[in-house]
Structures are given as structure tokens and as C-alpha cells.
Novice: 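I have a structure I would like to understand better, so I am pasting it below and will then ask my questions one at a time.
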There are 2 protein chains.
Amino acid sequence: MSEHWLERAHAALRAAGLRSGGGRELVLEELAAAGCLRSAQELERTLADQGKPVSRATVYRTLELLHELALVQRVDTGNGVAHFEPADHSGEHHHHTVCDRCGRVLTFADEELEAAIDRISDRLPFAVHRHDVVLRGACADCAGRA
Amino acid sequence: MSEHWLERAHAALRAAGLRSGGGRELVLEELAAAGCLRSAQELERTLADQGKPVSRATVYRTLELLHELALVQRVDTGNGVAHFEPADHSGEHHHHTVCDRCGRVLTFADEELEAAIDRISDRLPFAVHRHDVVLRGACADCAGRA
DNA sequence: GAGGAAATGATAACGAGGCGCATTCGCGCG
DNA sequence: CGCGCGAATGCGCCTCGTTATCATTTCCTC
């Protein structure tokens, strides 16, 4: 879905009357290529390592912009570092597990969980726009040698 | 349950061979009195306003200690600020809604959600120790005048 | 092309949180 | 009742992620 997301992102940015600068484009491509959770600094470093240095300010600005346009999902894994990933509009939705030992982040999807959350949002006096579920514990590798 | 929690906290701290200093005690009381989510700085400021200034280091150390002893639950509401609240050991478990407009945090509980998460932890190659569910959106007050 | 607005880059500022060390204080023991 | 050990506290400094500032460059439009 990467190319698809990239197209959608371009369209959304154009629709918002924004221009396509070099730095933003690189961040977009990198996000699309990664697909999974990436922190702002991982993005900055990866791009720098590829010989395409992008200013830190541009990376953060781009991520903030994409977040406002709902093109990326922001996930706070609880270490004080924000992570981002391309938002999936295909109806498929997934969440994350964070390993307390090695910090590894895995993804999972569960219809039952989604259904439960949907029902909750009907029941509460609260308009749920987004929901983040973060499970913390030990991943398969770390659980063995706890 | 506040007094109850306070007692339990005292017992746990004593059991760990720790002493009861003035600063820690104040943080404990404030947490118990608040009951709900509080950030480290809110605690620090509240105590200072009450004429009981506690060093920032002490507040953080106390919270870290309580977290290790599973006496407080740490919840990251996604603004880069960690929030804490007394852990409820009565089996009752609740989660939070965060309003994107006013930042208000409400709590809710849902058995179906808990059950879904339990089943997920059985299914995944991941030992789930804790889980945080944060719903973001607009609270009843803000939804009206969005 | 020329103009103007948006985008970018470099850097400083900011805020949460952690660390180290000197000092204080609680608590058990003689 | 004092003594002393070690935990607890406070203070200041530092790190690090993130955001704001501002001059400069770049991209669209006409």
C-alpha cells in the first residue's frame, strides 16, 4: 500500500494548497518505504545516511503536518519518543506491542478488540476519533531469558 | 479506596526495607488524595502551592519507585508528559479518554475490552504484562461546539 | 522571467526528566 | 539517650526530544 499511500499523501497536500519541497518529499518517501513505526530521529538519521540530509526542523514539521492531515498515525510508545507510521485508510487497523526489555515494537490486529472499542464509543459520552492500544510486556525472544 | 491504597503503599515500602521520609510521604498523600491521573509536575506544583515544597528529584524518584512496586500505574497520554495514578488492585481496571480539544482526561471501564485483550495475549507470541488503552477524540462538552 | 508565498536549514530555546553529590534525617543499636 | 549507618532529600546541572525563530532558498503563478 506504500505507493498508494504516497499518492494519497501527495493529493492531500496539493489539495491543501501546499507545495512539494525537496525535504518533505524525502520524508514522505522514507515513511512510505518504512511502512512501520519510525521515530522522528530515525527518519532524520536514515535520510542523512542515505546522503539525503534533511533538516531536523523539516522532519518534525512534515510529521506534524501529516498528522494534522491524518496521513500518519502518531504512537507514543512510552519512552518519551514519538513514533509515526503511515495511516492505513483501507479499514485495516492494527496496534502495537512494546517489549519492556528490548524495546522492540511489533504489530497485531484483532477484530474483537476493534468491535469492543466501537461499542464503547457508542456507549460513552465521548466522540472517539482515534484509539491507541499499546500492550507492554516481553516479546517471545525476551520472555525466554527473563 | 484512597486510605486503603495509602496503607498498602506504606506496607509495601516498609516490606522493601525503605524508610518513610517526609517528601515521599507527601507525594504519597497527594497521589492518594488525587486518585486520578496526575503528572509529575502537577504533583510538584500542587505540593509547593500547599506550602509543602518537595524537590523535583524526590517527586520523580518516588514515582519511579512506586511504579517499580506496581503501586502506581503510568499512563502516557501522548503529549510527552507521563501521568500517574494509584494502581487499583481490586481487580477493577479502567482506561482513559483524552479530549483533543480541552485535554480533559476521563476514565471508563469495559469488560468486553478486557476480555478481548486477554484473548489477544493468549494468541500472540508476546507476554502481556500491562496494557494501556487511550481513546482520543472530543469529550461531551467539546463535541458540541466543535 | 519576476514576484510572492511557502519551504527549508541552522541554531537557539524550551521543557521533561535524570544524575551526582553533599547534606539531612530516620531508625536501630549499644 | 546519644551514635552511627545508610537511606532520603535537595539542589543544581546536564541530556535529550521537540519546538520556535529567522534568514535564505525554492517552488508555483502569472
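Just so we're clear, the structure is a prediction, and the values are computed from it rather than from any experiment. Here is the naming used below: chain letters follow the sequence lines, and residue numbers restart at 1 for every chain.
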Novice: Within this structure, what is the CG-to-C1' distance between A:L13 and C:dA6, rounded to whole angstrom?
Specialist: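 Distance check: A:L13 CG to C:dA6 C1' gives 13 Å.
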Novice: Apart from A:V81 itself, which Ile, Leu, Val, Met, Phe, Trp or Tyr residues share its cluster (side-chain heavy atoms under 4.5 Å, direct or through members)?
Specialist: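 None; A:V81 is a cluster of one.
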Novice: Using whole Å, report how far CZ of B:R24 lies from C1' of D:dG10.
Specialist: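 Interatomic distance, CZ of B:R24 to C1' of D:dG10: 14 Å.
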Novice: What integer distance in Å separates B:R56:CZ from D:dT15:C1'?
Specialist: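 Nearest whole value for this atom pair: 14 Å.
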Novice: Please give, in whole Å, the distance from C:dA16 C1' to B:D76 CG?
Specialist: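 Going from CG in B:D76 over to C1' in C:dA16 covers 11 Å.
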Novice: Enumerate the residue pairs fulfilling ring pair (Phe, Tyr, Trp, His ring centres under 6.0 Å) with a member in residues 49-88 of chain A, sequence neighbours excluded, ordered by first and then second residue.
Specialist: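 Matches after skipping sequence neighbours: none remain.
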Novice: Restricting to pairs with a member in residues 12-29 of chain A, which pass side-chain hydrogen bond (donor to acceptor under 3.5 Å, both in side chains), not counting sequence neighbours?
Specialist: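 Pairs touching residues 12-29 of chain A that pass the test: A:H10-A:E25.
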Novice: Would you call B:E30-B:K52 a salt bridge at under 4.0 Å N-O?
Specialist: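 No salt bridge links B:E30 with B:K52.
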Novice: Report the nucleotide, chosen from D:dT9, D:dT19, C:dG9, that has the shortest atom-to-atom distance to any side-chain atom of A:S55.
Specialist: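 Of the candidates, C:dG9 comes closest.
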Novice: What nitrogen or oxygen pairs link the protein and nucleotides 13-15 of chain C at under 3.5 Å?
Specialist:
none

Novice: Round to a whole Å and report the spacing from CD of A:E25 to C1' of D:dT25.
Specialist: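 Answer to the nearest Å: 18 Å.
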Novice: Mark up nucleotides 20-30 of chain C, 5' to 3', with B wherever a protein heavy atom is under 4.0 angstrom from a base atom, S wherever such an atom reaches only the sugar-phosphate, and - elsewhere.
Specialist: B-----BS---
Novice: Given atom CG of A:L65 and atom C1' of C:dT8, what is their separation to the nearest angstrom?
Specialist: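 The distance from CG of A:L65 to C1' of C:dT8 comes to 14 Å, rounded to the nearest Å.
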Novice: Rounded off to whole Å, could you give me the CD-to-C1' distance for the A:E64 and C:dT8 pair?
Specialist: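 A:E64 atom CD is separated from C:dT8 atom C1' by 15 Å.
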Novice: Applying ring pair (Phe, Tyr, Trp, His ring centres under 6.0 Å), name anything that partners A:H94, two or more places apart in sequence or on another chain.
Specialist: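 For A:H94, the residues satisfying ring pair (Phe, Tyr, Trp, His ring centres under 6.0 Å) (neighbours in sequence not counted) are A:H96.
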Novice: Report, as yes or no, whether the 6.0 Å neighbourhood of atom CZ on A:R130 holds more than 12 heavy atoms from other residues, nucleotides or ligands.
Specialist: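 Counting other residues, nucleotides and ligands, CZ of A:R130 exceeds 12 neighbours.
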Novice: Heavy atoms from C-beta onward define the side chain here; which of C:dG9, D:dA7, C:dA7 lies closest to that of B:L18?
Specialist: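 My answer, after comparing the listed nucleotides, is D:dA7.
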Novice: When you match B:Y60 and A:G17 each to their closest nucleotide on DNA chain C, which lands nearer the 5' end?
Specialist: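 So the residue in question is A:G17.
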Novice: By side chain to side chain donor-acceptor pair (under 3.5 Å), which residues pair with B:D76, not counting sequence neighbours?
Specialist: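 Applying side chain to side chain donor-acceptor pair (under 3.5 Å) to B:D76 gives none.
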Novice: Could you tell me how far apart A:E42 (CD) and D:dC16 (C1') are, to the nearest whole angstrom?
Specialist: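 It works out to 15 Å between those atoms.
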Novice: I need the full list of ring pair (Phe, Tyr, Trp, His ring centres under 6.0 Å) pairs touching residues 118-137 of chain B, with sequence neighbours left out, sorted by first then second residue.
Specialist: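 Of all non-adjacent pairs touching residues 118-137 of chain B, those that pass ring pair (Phe, Tyr, Trp, His ring centres under 6.0 Å) are B:H93-B:H131, B:H95-B:H131.
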Novice: If the condition is side chain to side chain donor-acceptor pair (under 3.5 Å), which residues does B:D110 pass it with, not counting sequence neighbours?
Specialist: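 Applying side chain to side chain donor-acceptor pair (under 3.5 Å) to B:D110 gives A:R123.
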